[in-house]
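Okay, so here's the structure we're looking at.
Treat the numbers as computed from the prediction; the structure is a model and nothing was measured.
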Amino acid sequence: MQSKNFVVIGAGVVGLTSAWALLEAGHRVRIVERDAPGQGASHANGGQLSYRYVSPLADAGVPFKALRWLMDPDGPLRFRLEADPAQWSWLAQFLLKCRASVNRRATQRLLALGSLSQQTFQDWAAQLDWNGSVALREPGKLVIYRQPGEFAKVRARMADTGVEQALDADACVALEPALTHARGVLAGGIFTPGEAVADCHALCLHLLGKVQAHPGFDGLIQQAATGWNVEAGRPQLRTSGGELKADAYLIAAGLHSRPLAAPLGIRLPLYPLKGYSLTAPIREEHRPPEVSVTDFERKILYARMGTRLRVAAMADLVGENLDLDPHRLASLHRSVRAMFPDAADYDAAEPWAGLRPATPGGTPILGASPLPGVWLNVGHGALGFTFSFASARIVASLMSGLPSPLALDGFTLGT
């Protein structure tokens, strides 16, 4: 295989894992990043590596659930209609995908992607030695349900998998004693052993150090990608500091990928799902949950990362707005204090908001673009951390002229 010169645009977890995979495949790599590495959606996300719990937002019944969520002050969804064609187009495609058959296909594809990502994470672990620096734990994941009907439906669907364990309310509390205060609202839960938790931002910084020490790395260029020059059908990237020539470019810039690709005639169906998180210190007197917990109806996740508790939630369709909405933060505070009142020092919690670049159907876009020399690794939504390792492995194989380790049906642009 001939070594090539590649430019990766984006230094979040998707861009950095892609850079590492390309370096390990024998190529020369440069990274372009307009902000500090590990910012954006990688900075203070939920931290769950949820390989076997994937639930695309688009599903039968979701439009009706959304109406209830919008009327609930603590609901997981907020929506603000805008004079933005991208929002209208995304919503139209999303509604078309709100069918059970579409959700089942997307779920199966994401489960396969998650399995490959878990294997890739494990394959890289010894070489990258990130266990001690990224608050990595494998406590398993407990998804709790408040509605008996919802729990019964999920339990029936999981009965034949052999992977998950269905637990009644008492068994949930026995597994995770920190749930004692929430015992009265629990209908049951689904526990998946082996699911992991890690600090995504810390992993990005750790991985950046490994990338920079790699003999094939040609530098981190901290400039904005501003556009393209196209000559004889081949693009050359323009940055705020000049032109960057390469054999090919990988767009892995999160939400910024959409305006970056548009001048090339590449229409990426991405829209931001704004999420919030709180990061609260855990002190000696606190009793945090050890298991990674997700509240299914509230769409809130709780994960201990070393001496901090991460609480993350919400999917606000409000455009590219990163303001810290005090009402949404207050809602998170109410939820975590009710669920785990003794888990952390919530008065000292650090708030955060990030924009997760989502496709209408919930599956990322991987591989070649319509323009030779431009590749895509975008649209991971709320599961960018989980899927980044598999996505990196796939695009590195394709950019090396090798077959994808996973069937690409449903993961390419326009599918």
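Considering Leu16, Leu250, Ile9 as possible partners of Ile31, the one that fulfils the side chain to side chain contact (heavy atoms under 4.5 Å, CB included) test is Leu16.
Side-chain atoms of Trp90 and Leu270, non-hydrogen and from C-beta on, never get closer than 4.5 Å to each other. Between Leu371 and Val374, some side-chain heavy-atom pair lies under the 4.5 Å cut-off. Annotation: side chain of Leu317 is not in contact with side chain of Arg80 (no heavy-atom distance under 4.5 Å). You'll find the side chain of Leu255 stays beyond 4.5 Å of the side chain of Tyr271, heavy atoms only. Side-chain contact between Val293 and Ile144 is present, with heavy atoms from C-beta onward closer than 4.5 Å. Here the side chains of Pro56 and Thr363 are not in contact, with every heavy-atom distance at 4.5 Å or above. At a threshold of 4.5 Å between non-hydrogen side-chain atoms, the residues Trp88 and Leu81 count as touching. Two residues are said to be in side-chain contact when any heavy atoms from C-beta on lie closer than 4.5 Å; Tyr53 and Val143 meet this criterion.
Summarising the geometry, atom NE2 belonging to His256 is positioned 4.5 Å from atom CZ belonging to Arg34; distances are rounded to the nearest 0.5 Å. In this structure, OG1 in Thr226 is found 8.5 Å from CG in Leu260, a value given to the nearest 0.5 Å. Interatomic distance, Arg238 CZ to Leu244 CG, rounded to the nearest 0.5 Å: 12.0 Å. Annotation: the span from Cys200 atom SG to Asn45 atom CG amounts to 4.5 Å, rounded to 0.5 Å. One distance of note links CD1 of Ile266 with CG of Leu264; it measures 5.0 Å at 0.5 Å rounding. Atom OG1 of residue Thr294 and atom CD1 of residue Ile190 lie 12.5 Å apart, to the nearest 0.5 angstrom.
Using the six-membered ring where Trp is involved, Phe389 and Phe385 have ring planes that are tilted, between 30° and 60° apart. Aromatic ring orientation, Trp20 versus His214: perpendicular (interplanar angle above 60°, classes split at 30° and 60°).
Remark: side-chain polar atoms of Thr239 are paired, donor with acceptor, to backbone N or O of Gly241 under 3.5 angstrom. The backbone N or O of Gly149 lies less than 3.5 Å from no partner atom in the side chain of Gln147, so there is not a single donor-acceptor pair. Here the side chain of Ser391 pairs no donor or acceptor atom with the backbone of Asn377 at under 3.5 angstrom. No donor-acceptor distance shorter than 3.5 angstrom exists from the side chain of Lys274 to the backbone of Met314, with no hydrogens or angles considered. At distances below 3.5 Å, not a single donor-acceptor pair connects side-chain atoms of Arg328 with backbone N or O atoms of Ala330. Under a 3.5 Å cut-off, the side chain of Arg356 and the backbone N or O of Leu273 do form a donor-acceptor pair. Under the 3.5 Å distance criterion, the side-chain polar atoms of Gln87 are matched with a main-chain donor or acceptor of Glu82. Between the side chain of Gln165 and the backbone N or O of Phe191 there is no donor-acceptor pair closer than 3.5 Å. Between the side chain of Asp325 and the backbone N or O of His327, at least one donor-acceptor pair lies under 3.5 Å. A donor-acceptor distance shorter than 3.5 angstrom exists from the side chain of Ser117 to the backbone of Thr386, with no hydrogens or angles considered.
Both tests hold for Lys299 against Phe296: distance to the six-membered ring centre under 6.0 Å, angle to the ring axis within 45°.
Residues Arg308 and Glu350 are not paired through a salt bridge, judged by the lack of any N-O separation under 4.0 Å between the basic side chain and the carboxylate. Between Arg298 and Asp74 no salt bridge is recorded (no basic side-chain N to carboxylate O distance below 4.0 Å). Look at Glu24 and Arg393 and you find no salt bridge, because none of the NZ, NE, NH1 or NH2 atoms lies under 4.0 Å from a carboxylate O. Arg337 and Asp347 are joined by a salt bridge, as a carboxylate oxygen and a charged side-chain nitrogen come within less than 4.0 angstrom of each other. Salt-bridge annotation for Asp129 and Lys210: absent, with no side-chain N of the basic residue lying under 4.0 Å from a carboxylate O of the acidic one. Residues Arg146 and Asp295 are paired through a salt bridge, judged by an N-O separation under 4.0 Å between the basic side chain and the carboxylate.
When all heavy atoms are compared, the tightest approach of Thr17 to Ser388 is OG1-O, 3.3 Å. Between Ser331 and Pro73, the shortest heavy-atom distance links the atoms OG-O, 4.0 Å. Smallest separation of non-hydrogen atoms from Val134 and His206: CG1-CB, 4.3 Å. Smallest separation of non-hydrogen atoms from Arg304 and Pro288: CD-CG, 3.7 Å. In terms of heavy atoms, Gly362 sits closest to Leu110 at O-CD1, 3.8 Å. Heavy-atom minimum distance, Leu179 versus Cys172: CD1-O, 4.0 Å.
Between Thr192 and Arg52, the side chains place no donor N or O within less than 3.5 Å of an acceptor N or O (distance only, hydrogens not considered). A donor-acceptor contact closer than 3.5 angstrom links the side chains of Gln93 and Ser89. Inspection of the Gln48 and Ser292 side chains reveals an N or O donor paired with an N or O acceptor under 3.5 Å. Side-chain polar atoms of Tyr51 and Glu195 form no donor-acceptor pair below 3.5 angstrom.
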- Message: Apply ring pair (Phe, Tyr, Trp, His ring centres under 6.0 Å) to residues Phe387 and His380 and explain how you reach the verdict.
- Response: CA-CA 7 Å; Phe387 294 144; His380 299 76; 7.1 Å; no
- Item | Trace of the side-chain contact (heavy atoms from CB on, under 4.5 Å) decision for Asp316 with Leu77 | CA-CA 5 Å; Asp316 289 2; Leu77 179 68; 5.7 Å; no
- Query: So Arg30 and Asp218, salt bridge (Lys or Arg N to Asp or Glu O under 4.0 Å) or not? Walk me through it.
  - Reply: CA-CA 5 Å; Arg30 285 173 289 176; Asp218 286 335; 5.2 Å; no
- Which is it for Asp345 and Arg283 under the salt bridge (Lys or Arg N to Asp or Glu O under 4.0 Å) test, yes or no, and what are the steps along the way? CA-CA 7 Å; Asp345 183 356; Arg283 311 197 194 281; 3.0 Å; yes
- salt bridge (Lys or Arg N to Asp or Glu O under 4.0 Å) assessment of Arg137 paired with Glu290: CA-CA 9 Å; Arg137 300 187 306 120; Glu290 295 299 321; 3.7 Å; yes
- Message: salt bridge (Lys or Arg N to Asp or Glu O under 4.0 Å), that's the test. Do Lys65 and Asp59 meet it? Break it down for me.
- Response: CA-CA 10 Å; Lys65 288 182 181 179; Asp59 197 0; over 6 Å; no
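Between Tyr249 and Trp228, the ring center distance clears the sub-6.0 Å criterion. Aromatic rings from Phe121 and Trp130 are positioned such that their centres are separated by under 6.0 Å.
Enclosure of atom CD in Glu243 by more than 12 non-hydrogen atoms of other residues, nucleotides or ligands within 6.0 angstrom is indicated.
Take His201 and apply the side-chain contact (heavy atoms from CB on, under 4.5 Å) test, not counting sequence neighbours, and it matches Gln39, His43, Asp199, Leu205. With sequence neighbours left out, the ring-ring contact (aromatic ring centres under 6.0 Å, His included) criterion links Phe340 to Tyr302.
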